[in-house]
Trainee: 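First the structure, which I've put down as structure tokens, then a few questions once you've had a look.
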Number of protein chains: 2
Amino acid sequence: MVKGLDKVGLESSLRAVERETLNDRVYRELRTMIMSGGFAPGSEMKLRALAQSLHVSLMPVRDAIGRLVVERALKMLPNHRVIVPETTIDEFLEIRRVRILLEGEAAALASQHVSPDVIASLKRIHEKIKSLSGNKQRQFWALNQEFHFAVYEAAKSPLLLSMIESLWLQIGPVFNHIPINLTSEGARGHHRIIAALGAGDAKAARAALTEDLMKGGDRIIAALIQDKQPAR
Amino acid sequence: MVKGLDKVGLESSLRAVERETLNDRVYRELRTMIMSGGFAPGSEMKLRALAQSLHVSLMPVRDAIGRLVVERALKMLPNHRVIVPETTIDEFLEIRRVRILLEGEAAALASQHVSPDVIASLKRIHEKIKSLSGNKQRQFWALNQEFHFAVYEAAKSPLLLSMIESLWLQIGPVFNHIPINLTSEGARGHHRIIAALGAGDAKAARAALTEDLMKGGDRIIAALIQDKQPAR
DNA sequence: AGTTTTGATTTGTGATAACAAATCAAAACT
DNA sequence: AGTTTTGATTTGTTATCACAAATCAAAACT
């Protein structure tokens, strides 16, 4: 009863570049656009417009949008219209609360089995961030994301990773569209995270990450308040 | 401007009652079926078969399945075939770890503002569970679910609730398809949860819930091991 | 003038059909 | 006899079209 084991090797090597459907391409494209601030909070996601700009038919777009709504990256209004969510301060706090739980856990897990080269790569990203000139908010956000996910991937928990990704997706538009006063303050937070991971200290890793999220979150909240105050 | 009114009569009368789209109906239907053990782990979800049995076209099914894959309720194989996941022990432990984080947090939150009628309703469900005769696994699971979600809804955090739902969706097939030795042990756990909530003690609520998940999880894991051992 | 009504347009939703990739089974071959 | 090849069938993917509900703008009315 040994059937079809012969082809496995060949096929998997051929399929090295996994078949990517249009569906997935559109989904991934929209996803990264949302995460990197390609759409302003509140903007409508219209099927036909997106389809045209991506040069595909309605269907893949429809599919991708449906998925993004499920993971709360997009929001469906009662009219069945889909928008990029405008995050209120309460919602942001709600997200931060969960982020601290999940990302803290991921950091604690990561501290138990980080490899030296992960530490090295974290340090490299850390240096890049420190050397960032001026208020390059977009770059900062991208590098910050790179840093954090290097930690979370080291946790080796696909479940945690996917849930954390979904949370970042929800706050992506906020980070990229609220003007934030960037200080070098965040750098010390990252340094403490690296140290805790290097020492294999789970408790310290969770604490360092929690503080990083709290501090960063406070800056966002301040920006949110300031953004709401002035005349519109 | 009369185009094609043939089918309108039936449809509009139905739509007067239910306000939801076919899309959502199929999604919700599949969702509850999965959660309540309607499909065995490993079984394939074929679009056309499902469409026929639900009396709809391929599209709503396709859409619903896509969403369920995103929330990990279903798993897409590299062949692009979709199955109900077979949960390994490691995966189950991974899920339990996250459940403790999120559901513990929800319990802690709930303890801060439970209303007396939520407590009353919890007690009612608790009694029902205790009076459950024999090894009625399906009913136990359904009531257990009712109990826990009454707690989580009291947390008043839509984000937490949706993430927790997604986790239950992932373990639903396991609970309903692995024969578990039901004892009245779980009852004491629920009693402690009610007490902690009633006292408004967040720490105790989190602890009680954590212990409940640990104890229950241990029973499942034992069943999983026993289920893997014998000849199939 | 301000409100309502109506008609046209835009939007999401759903069905059908054409297509491509994977699977399976029988025939052909060594 | 066992393996390969081929052809048919099944499965997921995508485009196109038809429809319904919501939206918007202009006309009609009070």
Trainee: Would you call Arg67(A) and Asp24(A) a salt bridge, using N to O less than 4.0 angstrom?
Mentor: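 Yes, this pair counts.
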Trainee: Looking only at the side chain of Arg48(B) (C-beta and beyond, no hydrogens), which of the listed nucleotides dG14(C), dT13(C), dG12(D) gets closest?
Mentor: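 The listed nucleotide nearest to Arg48(B)'s side chain is dG12(D).
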Trainee: Taking only N and O in the side chain of His80(B), is any of them less than 4.0 Å away from OP1 or OP2 of dT11(D)?
Mentor: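 So the side-chain polar atoms of His80(B) never come under 4.0 Å of the phosphate oxygens OP1 or OP2 of dT11(D).
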Trainee: Counting Watson-Crick and G-U wobble pairs with both distances under 3.5 Å, what is the dot-bracket string for DNA chain D, 5' to 3', using [ ] for crossing pairs and | for pairs to another strand?
Mentor: ||||||||||||||||||||||||||||||
Trainee: Which label fits Phe149(A) and Tyr152(A): parallel for a plane angle under 30°, tilted from 30 to 60°, or perpendicular past 60°?
Mentor: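 Rings of Phe149(A) and Tyr152(A): perpendicular, as their planes differ by over 60°.
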Trainee: Under the salt bridge (Lys or Arg N to Asp or Glu O under 4.0 Å) test, which residues partner Glu165(B), sequence neighbours left out?
Mentor: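 Listed in chain order: Arg31(B).
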Trainee: Find which nucleotide of DNA chain C each of Met59(B) and Glu44(A) is nearest to by heavy atoms, and output the residue with the more 5' nucleotide.
Mentor: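 Its nearest nucleotide lies further toward 5', so the answer is Glu44(A).
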Trainee: Show each protein N/O and nucleotides 23-25 of chain D N/O combination with a separation under 3.5 Å, one pair to a line.
Mentor:
| from | atom 1 | to | atom 2 | distance (Å) |
| --- | --- | --- | --- | --- |
| dT23(D) | OP1 | Asn79(A) | ND2 | 3.4 |

Trainee: By nearest nucleotide on DNA chain D, pick out whichever of Pro60(A) and Leu47(B) is the more 5' one.
Mentor: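 The residue closer to the strand's 5' end, by nearest nucleotide, is Leu47(B).
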Trainee: Do the side-chain N and O atoms of Ser115(A) and Asp117(A) include a donor-acceptor pair separated by under 3.5 angstrom?
Mentor: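 Yes, Asp117(A) and Ser115(A) have a side-chain donor paired with an acceptor closer than 3.5 Å.
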Trainee: Ser57(A) side chain: which of dT13(C), dA15(C), dA15(D) is closest?
Mentor: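 Nearest to the side chain of Ser57(A) among the choices is dA15(D).
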Trainee: Rounded to whole Å, how long is the line connecting atom NZ of Lys46(A) with atom P of dT13(C)?
Mentor: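 These atoms are roughly 15 Å apart.
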